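Data first, discussion second: the structure below is written as structure tokens.
Quick caveat, the model's predicted, so the values are computed rather than measured. Atom set for the values below is all heavy atoms of this structure, side chains included, hydrogens, waters and symmetry mates excluded.
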Amino acid sequence: MTDTVAFTNAILTDADNAETSCVLTRSGRITYCGPEAGAPVSDAHERVDCGGRLITPALVDCHTHIVHGGERSLEFQMRQEGRSYSEIAQAGGGILSTVTATNALSVEELVETALPRLDHLLTEGVCTVEVKSGYGLTIEGELNMLRAARQLEKRRKVRVRTSYLAAHALPPEYRENRQGYLDDVVIAGLRAAHDEGLVDAVDGFCEHIAFSPKEIAQVFDLAAELELPVKLHAEQLSDLGGAALAARYGALSADHLEYLSDVDARVMAEAGTVAVLLPGAFYTLHETQLPPMKALREAGAKLALATDCNPGSAPLTSLLLTMNMGATLFGMTVPECIEGTTANAAKALGLEGEVGTLMPGASADLAIWDVKRPAELVYRIGFNPLWRRYFKGEYAQ
């Protein structure tokens with residue numbers, strides 16, 4: 001493929017536009033997007049005839065835990081058989097089982113176990129993926145997860161953004177010394193990860209079963225010192241004010257948000273903090289408390305969707321299914337679902353204008369679909385209509 005490409009005979013994301021459209025790229029960047037009639041196409045352009053197919057920005061999965069060891073299907077089976085959380089934990093289940101399995105693997109083994117999950121996302125038109133640590137709970141364990149995440153974009157045509165999530169759970173040896181874990185592992189580990197160039201953002205889990213807003217603030221203070229953006233798992237199981245805390249630190253996003261208050265929805269929107277909704281976890285955990293969709297919309301908050309791919313609460317590697325879940329479970333509209341996995345997901349990663357858009361100047365990350373309208377991407381279940389994926393202007397799949 002040449003350095004200059006014209007994607008012609010296409011439909012763009014706006015399904016109401018009846019004109020045949022095209023996208024022009026040069027050196028991995030979009031140079032034009034609009035009606036084909038009058039487009040500045042020259043003999044230098046290599047032509048890709050899209051055959052009347054739909055072009056969207058390549059999808060962005062802005063919240064995943066795809067680097068981890070092991071799986072928890074037995075735990076799922078036990079839950080379905082009526083076993084309690086404590087019974088599952090006593091049988092070796094829960095997050096600590098994933099910690100054990102993750103820490104048993106080398107960096108290369110973590111890469112190899114993550115690649116099948118990543119590959120499934122890529123086959124659905126994804127070009128940008130966020131990857132969190134959080135299953136090491138030791139400095140070396142957290143660093144190894146981030147090292148593996150960095151290796152993924154060397155093995156595949158994909159853009160990876162990493163989030164440091166050592167403030168995810170409390171290991172048993174620190175059960176009576178919470179501050180010790182924050183000091184010895186979370187804070188010290190963040191400095192080490194930053195020194196090694198492994199961190200793009202800093203995350204935490206703010207919940208009764210995890211860390212308090214006061215504890216998370218210590219982590220965010222260091223992130224600010226290191227000039228790293230923050231994001232937060234917040235209001236998934238209760239309202240601790242985590243989203244408002246994140247907003248005060250100018251967070252890129254607050255994620256989950258089922259128990260978010262109307263007031264804090266406004267606080268988030270005013271701070272420009274993206275609301276990342278994770279219907280896969282809601283579905284898997286049989287939750288009934290819906291995110292405050294009306295309050296988020298009225299506040300003008302940006303809504304994003306992500307898989308939350310993880311072994312315990314969201315073993316989900318389909319962003320297309322995630323869009324359908326967002327629509328059917330949370331009542332999101334088709335445009336909200338499309339924007340939630342493109343432009344708004346990009347904003348949640350600090351990549352606004354770089355990916356998730358077809359605007360000139362953006363990276364030429366394109367998904368070409370064998371459909372005529374965006375609604376088909378949201379309404380179908382278990383169907384993948386991807387025709388071709390382009391990453392930085394190059395055919396990737």
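Using a 3.5 Å distance cut-off with no hydrogens or angles, the side chains of His63 and His233 do pair a donor with an acceptor. A donor-acceptor contact closer than 3.5 angstrom links the side chains of Gln218 and Gln179. Looking at Thr8 and Asp49, their side chains never bring a donor and an acceptor atom within 3.5 Å of each other. Defined by atom type and a distance below 3.5 Å, a donor-acceptor pair is present between the side-chain atoms of Ser133 and Glu142. Judged by distance alone, the side chains of Glu124 and Ser318 do bring a donor and an acceptor atom under 3.5 Å apart. Glu108 and Ser106 form no side-chain donor-acceptor contact under 3.5 Å, judged by distance and modelled atom types alone. Side-chain atoms of Thr128 and Arg161 form no donor-acceptor pair, as typed in the model, at a separation below 3.5 Å. Neither side chain, Thr100 nor Asn103, offers a donor N or O lying under 3.5 Å from an acceptor on the other. Inspection of the His45 and Ser42 side chains reveals an N or O donor paired with an N or O acceptor under 3.5 Å. Using modelled atom types and a 3.5 Å distance limit, the side chains of Tyr164 and Asp200 yield no donor-acceptor pair. Side chains of His65 and Asp308: a donor-acceptor N/O pair is present below 3.5 angstrom, by distance only. For the residue pair Ser27 / Asp3, a side-chain donor-acceptor distance below 3.5 Å is found, with atom types taken as modelled. Side-chain atoms of Glu130 and Ser163 form a donor-acceptor pair, as typed in the model, at a separation below 3.5 Å.
Residue Arg79 comes nearest to Gly312 through the heavy atom pair NH2-O, 3.8 Å, listed as atom of the first residue, atom of the second, then distance. Closest approach of Cys206 to Gly242, counting heavy atoms only: SG-CA, 3.9 Å. Nearest approach of Leu12 to Cys33, heavy atoms of both residues: CD1-SG, 3.4 Å. When all heavy atoms of Ala193 and Leu146 are compared, the pair lying nearest together is CB-CD1, 4.0 Å. Pairing each heavy atom of Ala149 with each of Thr162, the nearest pair is CB-CG2, 3.8 Å. In plain terms, the two heavy atoms of Leu110 and Asn144 that are nearest each other are CD1-O, 3.9 Å.
By the 6.0 Å and 45° rule, Arg53 does not stack over the aromatic ring of Trp369.
When hydrophobic clusters are built by joining Ile, Leu, Val, Met, Phe, Trp and Tyr residues whose side-chain heavy atoms come closer than 4.5 Å, directly or via intermediates, Val230 is grouped together with Ile187. Hydrophobic clustering keeps Val267 apart from Leu260 (ILVMFWY residues linked when any side-chain heavy atoms are closer than 4.5 Å, directly or through intermediates). One hydrophobic cluster, built from ILVMFWY side chains closer than 4.5 Å, cannot hold both Leu252 and Leu228; they sit in different ones. A single hydrophobic cluster is not seen to contain both Leu285 and Met325; linkage of ILVMFWY side chains at heavy-atom distances under 4.5 Å, directly or through other members, places them apart. Side-chain heavy atoms closer than 4.5 Å link hydrophobic residues (I, L, V, M, F, W, Y) into clusters, and following such links, possibly through other members, connects Leu198 to Val185.
The main-chain N or O of Cys337 is found under 3.5 Å from a side-chain atom of Thr341 such that the two form a donor-acceptor pair. Side-chain N or O atoms of Thr333 include one that pairs as donor or acceptor with a backbone N or O of Glu336 at under 3.5 Å. The main-chain N or O of Val99 is never found under 3.5 Å from a side-chain atom of Thr102 such that the two would form a donor-acceptor pair. Distance alone, capped at 3.5 Å, places no donor-acceptor pair between the Arg155 side chain and the Glu112 backbone. Checked by atom type and distance alone, the side chain of Asp61 never pairs as donor or acceptor with a backbone atom of Ala306 at under 3.5 Å. For the pair Asp255 (side chain) and Lys231 (backbone), a donor-acceptor distance under 3.5 Å is absent. For Glu207 (side chain) and Leu237 (main-chain N/O), a donor-acceptor pair under 3.5 Å exists by modelled atom type. A side-chain donor-acceptor contact under 3.5 Å links Thr273 to the backbone of Ala251. Here the side chain of Arg117 pairs a donor or acceptor atom with the backbone of Ile66 at under 3.5 angstrom. In this structure, Glu235 contributes its side chain and His256 its backbone to no donor-acceptor pair below 3.5 Å.
Other residues, nucleotides and ligands contribute only 12 or fewer heavy atoms inside 6.0 Å of the OH atom of Tyr379. Within a 6.0 Å radius of CZ in Phe76, other residues, nucleotides and ligands contribute 12 heavy atoms or fewer.
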Begin with the C-alpha distance, continue with both residues' side-chain angles, and end with the deciding distance and a verdict on salt bridge (charged side-chain N to carboxylate O under 4.0 Å, His left out) for Arg147 and Glu196. CA-CA 9 Å; Arg147 291 166 182 149; Glu196 198 172 322; 2.8 Å; yes

Full working for salt bridge (charged side-chain N to carboxylate O under 4.0 Å, His left out) between Glu394 and Arg389: CA-CA 8 Å; Glu394 294 185 1; Arg389 182 178 73 98; over 6 Å; no

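Applying the side chain to side chain donor-acceptor pair (under 3.5 Å) rule to Gln77 yields the partners Glu81; only residues at least two apart in sequence or on another chain are considered.
Interatomic distance, CD1 of Ile95 versus CG of Leu170, reported as 10.5 Å (0.5 Å rounding). In this structure, the separation between CG on Leu24 and CD on Glu36 is 9.0 Å, given to the nearest 0.5 Å. Atom SG of Cys22 and atom CZ of Phe7 lie 10.5 Å apart (nearest 0.5 Å). Taking OH of Tyr283 as the reference point, atom CG of Leu278 lies at 16.0 Å (rounded to 0.5 Å). Distance check, rounded to the nearest 0.5 Å: CG of Asn324 to CG of Leu305 gives 11.0 Å. To the nearest 0.5 angstrom, Tyr181 atom OH is 5.5 Å from Phe211 atom CZ.
Residues Leu377 and Leu54 have side chains in contact (heavy-atom distance under 4.5 Å, counting atoms from C-beta outward). With contacts defined as side-chain heavy-atom distances shorter than 4.5 Å, the pair Thr98/Asn310 does not qualify. At least one side-chain heavy atom of Ile338 sits under 4.5 Å from a side-chain heavy atom of Val378. For the pair Pro279/Thr322, a side-chain contact is recorded, criterion being any heavy-atom separation below 4.5 Å from C-beta on. In this structure, the side chains of Leu303 and Met293 come closer than 4.5 Å at one or more pairs of heavy atoms. A 4.5 Å side-chain heavy-atom check between Val48 and Asn9 finds every atom pair outside the cut-off. In this structure the side chain of Arg191 reaches within 4.5 angstrom of the side chain of Glu225, judged on heavy atoms. Under the 4.5 Å side-chain criterion, counting only non-hydrogen atoms from C-beta, Val5 is not in contact with Tyr390.
A salt bridge does not link Glu270 with Arg266: every distance from a Lys NZ or Arg NE/NH1/NH2 to an Asp or Glu carboxylate oxygen is 4.0 Å or more. Electrostatic pairing of Arg29 and Glu354 counts as a salt bridge here, judged by a charged N lying under 4.0 Å from a carboxylate O. Contact check on Glu376 versus Lys372 returns no salt bridge, with no Lys/Arg side-chain nitrogen under 4.0 Å from an Asp/Glu carboxylate oxygen.
Under the salt bridge (charged side-chain N to carboxylate O under 4.0 Å, His left out) criterion, the residue pairs touching residues 170-182 are Arg178-Glu215, with sequence neighbours excluded.
Residue Asp365 is tested with Lys392, Lys157, Arg159 for a salt bridge (charged side-chain N to carboxylate O under 4.0 Å, His left out); the sole match is Arg159.
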